[in-house]
Novice: 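Here's a structure for you.
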Number of protein chains: 2
Amino acid sequence: MESFALPNARFSHVRCGACPIREHAVCAYANGDELSALDGIKSYRDYAAGRDILSAGVRAPMVGSIVRGVVKLTKSLPDGRAQMVGLLFPGDFVGHPSRAEAEFDATAATDVTLCLFQRAPFESLMRGSHRLEQRMLDMTLTELDAAREWLLLLGRKTARERLSSFLLMLARRAALTPGDPLAEIALPLTRGEMAAYLGLTIETVSRHMTRLRADDVIGFDTARSVRVPSIARLEEEAGD
Amino acid sequence: MESFALPNARFSHVRCGACPIREHAVCAYANGDELSALDGIKSYRDYAAGRDILSAGVRAPMVGSIVRGVVKLTKSLPDGRAQMVGLLFPGDFVGHPSRAEAEFDATAATDVTLCLFQRAPFESLMRGSHRLEQRMLDMTLTELDAAREWLLLLGRKTARERLSSFLLMLARRAALTPGDPLAEIALPLTRGEMAAYLGLTIETVSRHMTRLRADDVIGFDTARSVRVPSIARLEEEAGD
DNA sequence: CGTAGTCTTGATGTGGGTCAAGTTGCGTGG
DNA sequence: CCACGCAACTTGACCCACATCAAGACTACG
């Protein structure tokens, strides 16, 4: 029996064909043979919100895809200052092939399910499969583009523009899943995590959220959700 | 006759075996067959300092490796604010396979020589060569790591730490090529370009360069060069 | 219903931005 | 070889967006 009967098991197994991220993850281009090879070396694992997945400077024996939830990547200076350097959603890849030692901490921002592969068999599978390697390159280029967009945000945007850019990204992601465009969007991050992402402090994030609401750019009743009445308006506020 | 006789020709050809970046570029893992295939589709081209190589939103028919010189990648907001999002050195790759339209401007920061490949034959060559594709993935992961390091710099470091980090990167690159460790390092960027890279203004860069000199962290007589008497001291100043 | 984490709001401080005025360096042409 | 002109750089005076410091309020969970 597969894991549907055990939704919160820490280790479990779901056939790739039934996987919700089949079309978006590293396996997106895989053919039947490749998929069953992947199927043979994978296992699902759950992480509660706040749990560490990878630690900077530590060798990790696994890599994997996010099936459910949000993972944050953080880099720190020795004196404790910390900056989030990546935010990963379902379908995104955690850990890098040919880079056993992580360059940053990866932490579950929400409850997370990963589809894990042992590093060694995954790498040899990739070496034999052009599709898999091409997909990996593609995903890495997408991440690089996103990181560069973020460099522009951190280097040149005001606090209000940064918040708007972040909310815009979430609104666009939410728009991809069908539903009422004016529905509440659940924020996957706390104010403190948003600050870590945006290169700001908690207080500045909180103040500008309040102001964006006062100016009717967004609406919210609880701190962990927002409504976006007009994407166009939010785009203006984001600065680009 | 090959281009050694025509050092400033805009188009020319050098056998890969004689190429100074043979070991560091996308061709680093290529075997004999792959190398001669690359040799067949490549051409060298020179760009004077300041020349545009790629423009944001424009389809580029070529990709290529930097043979000589420094290339800067810049992203701009509609109101003119601009942030450098990458700085590429000899061996680095310009343009992305499977991404015909650039996401940013690429400009020659110094006089530059590129080893250009037509996009289509390069991509099909890559599809057929595991070594080439693996090298490409490897280089992209390295760029991603560098971009994330830069996110930490832009998000959390002070102006003095940013300058020190930048100078440290140059000092480490210079240390790779043999020579007097206390020799002058030529700065590939103007104060304005350094500011664009570091998320600062020209004035702030200039002031902190002056202060770092006053504090004996660095030495310089002309604006376009520095001496680093102690790498260890510079590392302290860089914050990590 | 207590307590701890999260969020909001206010008062004040400061690093880096802005504006402005030189200065230095260098290529061009007389 | 020098004079001109322009771009790059430096330095100073002032300003402001965001950080810091400090209370209090809300929420969730035992």
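Letters A, B, ... are given to chains in the order of the sequence lines, protein chains preceding strands, and every chain is numbered from 1.
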Novice: Hey, what's the ring geometry for A:Phe117 with A:Phe93, parallel, tilted or perpendicular (30° and 60° as the breaks)?
Specialist: parallel
Novice: Looking only at atom types and distance, does a side-chain atom of A:Arg191 sit under 3.5 Å from a main-chain N or O of A:Val205, one as donor and one as acceptor?
Specialist: no
Novice: So, does B:Glu193 use its side chain to make a donor-acceptor pair with the main chain of B:Ala109 at under 3.5 Å?
Specialist: no
Novice: For B:Thr210 and D:dT10, is the shortest distance between a side-chain N/O and OP1 or OP2 below 4.0 Å?
Specialist: no
Novice: Under 4.0 Å between any heavy atoms, over every strand shown, what does B:Arg224 touch: base, sugar-phosphate, or nothing? Just pick one.
Specialist: sugar-phosphate
Novice: Salt bridge (charged side-chain N to carboxylate O under 4.0 Å, His left out) for A:Glu161 and B:Arg81? Distances and angles first, verdict last.
Specialist: CA-CA 13 Å; A:Glu161 290 169 333; B:Arg81 283 173 288 174; 2.8 Å; yes
Novice: Any base atoms under 4.0 Å from B:Arg160, or only sugar-phosphate, or nothing? Heavy atoms, all strands.
Specialist: nothing
Novice: Using a cut-off of 4.0 Å on non-hydrogen atoms, how would the nucleic acid contact of A:Gly199 be classed: base, sugar-phosphate, or nothing?
Specialist: sugar-phosphate
Novice: Rounded to the nearest angstrom, tell me the gap between atom CE in B:Met194 and atom P in D:dA8.
Specialist: 15 Å
Novice: Do any side-chain nitrogens or oxygens of B:Thr201 fall under 4.0 Å of OP1 or OP2 in C:dG17?
Specialist: yes
Novice: I want to check one thing: is the phosphate of D:dA17, taken as OP1 and OP2, less than 4.0 Å away from some side-chain N or O of A:His208?
Specialist: no
Novice: Check every strand shown and say whether B:Ser206 touches a base, only sugar-phosphate, or nothing at a heavy-atom separation below 4.0 Å.
Specialist: base
Novice: Which part of the nucleic acid does A:Leu200 contact within heavy-atom distance under 4.0 Å: base, sugar-phosphate only, or nothing?
Specialist: sugar-phosphate
Novice: Identify whether any heavy atom of B:Thr222 sits under 4.0 Å from a base atom; if not, whether one sits that close to sugar-phosphate; answer base, sugar-phosphate or nothing.
Specialist: nothing
Novice: Check whether any side-chain nitrogen or oxygen of B:Arg191 sits under 4.0 Å from OP1 or OP2 of D:dT10, and answer yes or no.
Specialist: yes
Novice: What I want to check is whether an N or O donor and acceptor connect the side chain of A:Arg207 with the base of C:dG10 at under 3.5 Å.
Specialist: yes
